[in-house]
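Because the structure is a prediction, the values reported are computed rather than measured. One-based numbering, in listed order, for ligands and for the atoms of each.
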Amino acid sequence: MISFPGYDDVIREIYYHNQDHVFEYWDELDDREKRSLLEDLSSVDISQLSVLFSTASDESQKKYSYTPAEYMPFPRTEEARARCREARSRGEQHVRDGKVAAFLVAGGQGTRLGFDGPKGAYPVGPVSGKSLFQIHGEKIRAYSKKYNTVIPWLIMTSVANHDETVEFFTTHKYFGLRKEHVYIFPQNMIPSLDFAGKLILKNRCSLFKNPDGHGGSLTALRTSGMITELERRGIETVSYFQVDNPLVKIIDPVFIGFHVMEESEISSKGMMKTGPKEKVGVFVHRSDGKTGILEYSDMTEEMQNARGPEGNLLYCMGNPAIHLFSLKFIDTITSGGALALPYHVAKKKIEALRSGGYAEIRGYKFEKFVFDAIPIARKTILLETLREEEFAPVKNKSGEDSVETARDLMNRLSFRWLAMQGIPVSEKTKVIEISPLRAIEPEDLSGDVPAREKIYLD
Ligand code: UTP
């Protein structure tokens, strides 16, 4: 057994769990490298990983039966519209009072997009070429101005893209936001395992790890000290969104209003699925009485195709990953150490160092999903939202849910907003982009637009 002063316990633990292959290069390491490897190993919960490995291919955990989740439909009656107006006014007051923070999760690896850099730096503006980060940042500036308030912006990165993200924000002068209202912090990491349940070396003195999923964001709010900071600022509501949706309404007063009025702990937006085969998770009511989200891959054919009496899809509420959390709720569920959200397992290719060289192996990656917090909440609400107004995911390089489709959706929404305001657009015009600094909602638009093929309204 190897030894190193001050690390007896961790070394014993590694041998006890038969993971001592991680010391394969021990004799070649200098003291600094040895300490670095042992520090890395100290941060790992080996017992938890053993349990995760033993359940990685266990299907018996899916123990609920499901019915469709109840939701608040998009208002179609005068009464419902009046409720929305009330919610809007409550929500606006909540924002004006400085009780809302924006929380962007941007720690993902963006493998499908294959972009060399943080996904948020990807240029999506159909005319301006603005990055996702810039679009989000300008929205936050616009909301702050509209409601004459400060909206702190939390950005969760990962170890892999943290420095680049900070640099991007610095280069772009925080997109006009004051730096003291923007917090950028990395999420936690968890080691991957090979198919034999063994830790994997990334290099001679560190383990191969991956970010612990967007579900790690709630724990990261605690470990980064953000919960205390938000409490100090008087924040009550955290508006969660993902980096790859340029259409997201980061601050939606109606949504916030319902969240406050209903004293909800987690509120979610849902959108009608485009059809049975759309690969999004759906909101469900579980047999334990809780609301949750069932991933597309966990739905049976029968569930995917199930229809109601009027022929509509039964499991119709797709998840666009837009949520509001009460800060108190996040504080409560993360206060006892690690938050007990389940880990989901994915098989992936990993570049591993073993037997003196690098090789591509296959292994397990463990991730938490933020929506698994929904069943923990005492009170949740689900609000139907219009997909064309709020959802344009940038997941792939081309084809479905790609930059092209997102730009097209942004363009269509610009046309829609102008039409809603009765502003005529020339037949010549093919592409319109509206800067969030010009209009954050259609009502902010007025005046004429030029008759050009491409228009950027800033
Ligand atoms: P996705 O699940 O789409 O993953 O993330 P991804 O990493 O962006 O892309 P792929 O799957 O590798 O192609 C949805 C949102 O959750 C964030 C992402 O940054 C994105 O905003 N996320 C995901 C994290 O913040 N951390 C994670 O560990 C995983």
Any carboxylate oxygen within less than 4.0 angstrom of a Lys/Arg side-chain nitrogen, looking at [X] and [Y]?
X      : Y      : answer
Glu262 : Lys379 : yes
Lys328 : Glu265 : no
Asp244 : Lys119 : yes
Glu389 : Arg416 : yes
Asp408 : Arg412 : yes
Arg407 : Glu404 : no

Practice problem: Specify side chain, backbone, both or neither for Pro211, according to which of its non-hydrogen atoms lie closer than 4.0 Å to ligand 1. | Solution: both

Which ligand 1 atoms does [X] reach within 4.0 Å, using its non-hydrogen atoms?
X      : value
Met156 : 25 (O)
Gln242 : 14 (C), 15 (C), 16 (O), 21 (O)
Gln187 : 24 (C), 25 (O), 26 (N), 27 (C), 28 (O)
Lys395 : 1 (P), 3 (O), 14 (C)

Quiz item: If we ignore angles and hydrogens, is there a donor and acceptor under 3.5 Å between the side chains of Glu367 and Tyr343?
Solution: no

Give yes or no for whether the N/O distance cutoff of 3.5 Å, strictly under, is met between [X] and ligand 1.
X      : answer
Tyr240 : no
Val243 : yes
Gly213 : yes

Quiz prompt | Selection from Gly215, Gly108, Ser217 by shortest heavy-atom distance to atom 19 (O) of ligand 1 | solution = Gly108

I need the nearest protein heavy-atom contact for [atom]: residue, atom name and distance, please.
atom                    : value
atom 20 (C) of ligand 1 : Val105 O, 3.9 Å
atom 2 (O) of ligand 1  : Arg112 NH2, 4.1 Å
atom 8 (O) of ligand 1  : Lys119 NZ, 3.2 Å

Quiz prompt | Proximity flag Ser158 to ligand 1, non-hydrogen atoms under 4.0 Å | solution =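 Contact absent.
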
Exercise. Could you grab the distance from atom CD1 of Ile434 to atom CD of Glu441, nearest 0.5 Å is fine?
Key: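 These two atoms lie 12.0 Å from each other.
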
